[in-house]
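Working notes, structure below.
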Amino acid sequence: MRILIAEDNPMIQALNAELMGIWGYEFDMASNGVEAVEYAKKNNGKYDLCLMDVEMPKMNGIEATKIIRQETSYFPIMALTANHAYKEACYMVGMDDFTEKPCRPDNLFTKIARLTVKYIKVNFNEKHLLITKETPVSPQQAAVLKQLEEQKLSMISIFGTSTEAMFVVNEAVPKYIENEFTKNKRQSVMFLDHNPEGRGMCCLFSKTSMVIKKYMLDEEFDLENKNE
């Protein structure tokens with residue numbers, strides 16, 4: 001986990017740095033909005049989250065967020081400020097959440113976990129299988145991932161020589177795919193696609209990354225889902 005912290009108060013900087021160390025998160029510390037924008041541009045696509053203060057010198061957090069949203073890839077930004085009056089403005093420029101200071105460490109940890117939802121990328125590269133967690137590309141996709149997580153589902157994208165597709169699966173399926181292909185040396189695995197636009201049973205082949213999907217009636221799918 002890599003977090004960008006934009007905060008001008010030295011005491012709060014020290015507290016946040018201590019919390020990041022306790023939680024095992026890497027972080028960069030910006031002391032004003034200008035530095036926050038510079039970090040975001042320099043490390044485009046590398047941050048899992050930004051904790052953004054609003055009242056900072058040189059450039060405030062609202063202006064910084066506006067530029068970040070226009071000029072970098074999407075990543076979640078949470079306002080962390082003592083002034084509730086900024087809430088509407090924070091959401092209007094594209095922040096994903098708003099938290100008032102002081103925020104208890106356990107509450108902050110929970111909020112960070114909720115905002116940093118990922119989708120799973122299953123990448124077939126030559127003869128190797130690489131599974132990674134990827135940041136959503138938009139707030140809309142992030143919202144979908146949060147809903148799926150509450151249902152104990154995950155979104156996986158499968159890329160390979162024959163496939164480039166997204167599926168909605170049980171949260172245990174990515175690990176199951178990895179174990180079957182890498183540890184048990186299977187040539188194919190079966191899994192259920194929970195996509196509401198067309199639920200069914202999928203068969204993924206390791207050599208070609210091809211996925212064959214059999215669409216199922218609700219009764220058939222529900223029966224298989226109970227046995228998954």
| query | Can the positive tip of K133 be found less than 6.0 Å from the middle of the six-membered ring of Y119, inside 45° of the ring normal? | reply |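 No, K133 does not lie over the aromatic ring of Y119.
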| query | With the threshold set at 4.0 Å, does a side-chain nitrogen-carboxylate oxygen contact exist between D96 and R69? | reply |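 Yes, D96 and R69 are salt-bridged.
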| Pair D218 + R199, salt bridge at N-O below 4.0 Å | yes
| task | Mind telling me whether Y91 and F98 have parallel, tilted or perpendicular rings, with 30° and 60° as the class edges? | result | tilted
| query | Does NZ in K175 sit with more than 12 non-hydrogen atoms of other residues, nucleotides or ligands closer than 6.0 Å? | reply |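 No, not enclosed.
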| message | Would you say CZ of R2 has more than 12 non-hydrogen atoms from neighbouring residues, nucleotides or ligands within 6.0 angstrom? | response | yes
For a quick test of your reading: what N or O donor-acceptor pairs under 3.5 Å do the side chains of residues 147-156 make, sequence neighbours left out?
from	atom 1	to	atom 2	distance (Å)
Q151	NE2	Q147	O	3.3

| note | salt bridge (charged side-chain N to carboxylate O under 4.0 Å, His left out) pairs touching residues 54-65, sequence neighbours excluded, are E63-K66
| task | Could you list all the salt bridge (charged side-chain N to carboxylate O under 4.0 Å, His left out) pairs where at least one residue sits in residues 70-90, not counting sequence neighbours? | result |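 Salt bridge (charged side-chain N to carboxylate O under 4.0 Å, His left out) check on residues 70-90 returns K41-E71.
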Output the rest of the hydrophobic cluster of [X]: all Ile, Leu, Val, Met, Phe, Trp and Tyr residues reachable through side-chain heavy-atom contacts under 4.5 Å, sorted by chain and number.
{"X": "L223", "answer": "none"}
{"X": "L217", "answer": "none"}
{"X": "M92", "answer": "none"}

| message | For a quick test of reading the model, state the closest non-hydrogen atom pair linking P76 to L115 and the distance between them. | response | CG-O, 3.2 Å
| message | Tell me the closest heavy-atom pair linking I112 and Y25, and the distance in Å. | response | CG2-CE1, 4.1 Å
| query | Is there any ring-ring contact (aromatic ring centres under 6.0 Å, His included) pair reaching into residues 198-228, and which pairs are they, with sequence neighbours excluded? | reply |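 Residue pairs with at least one partner in residues 198-228: H194-F221.
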Who pairs with [X] by salt bridge (Lys or Arg N to Asp or Glu O under 4.0 Å), at least two apart in sequence or on another chain?
{"X": "K214", "answer": "none"}
{"X": "K213", "answer": "D193"}
{"X": "K118", "answer": "D48"}

| side chain to side chain donor-acceptor pair (under 3.5 Å): which pairs involve residues 8-23, sequence neighbours left out? |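 Found Q13-S31.
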| field | Those residues that, when tested against Y86, pass ring-ring contact (aromatic ring centres under 6.0 Å, His included) (two or more places apart) | value |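 Applying ring-ring contact (aromatic ring centres under 6.0 Å, His included) to Y86 gives none.
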| query | Mind checking whether M78 and L108 have side chains closer than 4.5 Å, heavy atoms only? | reply | yes
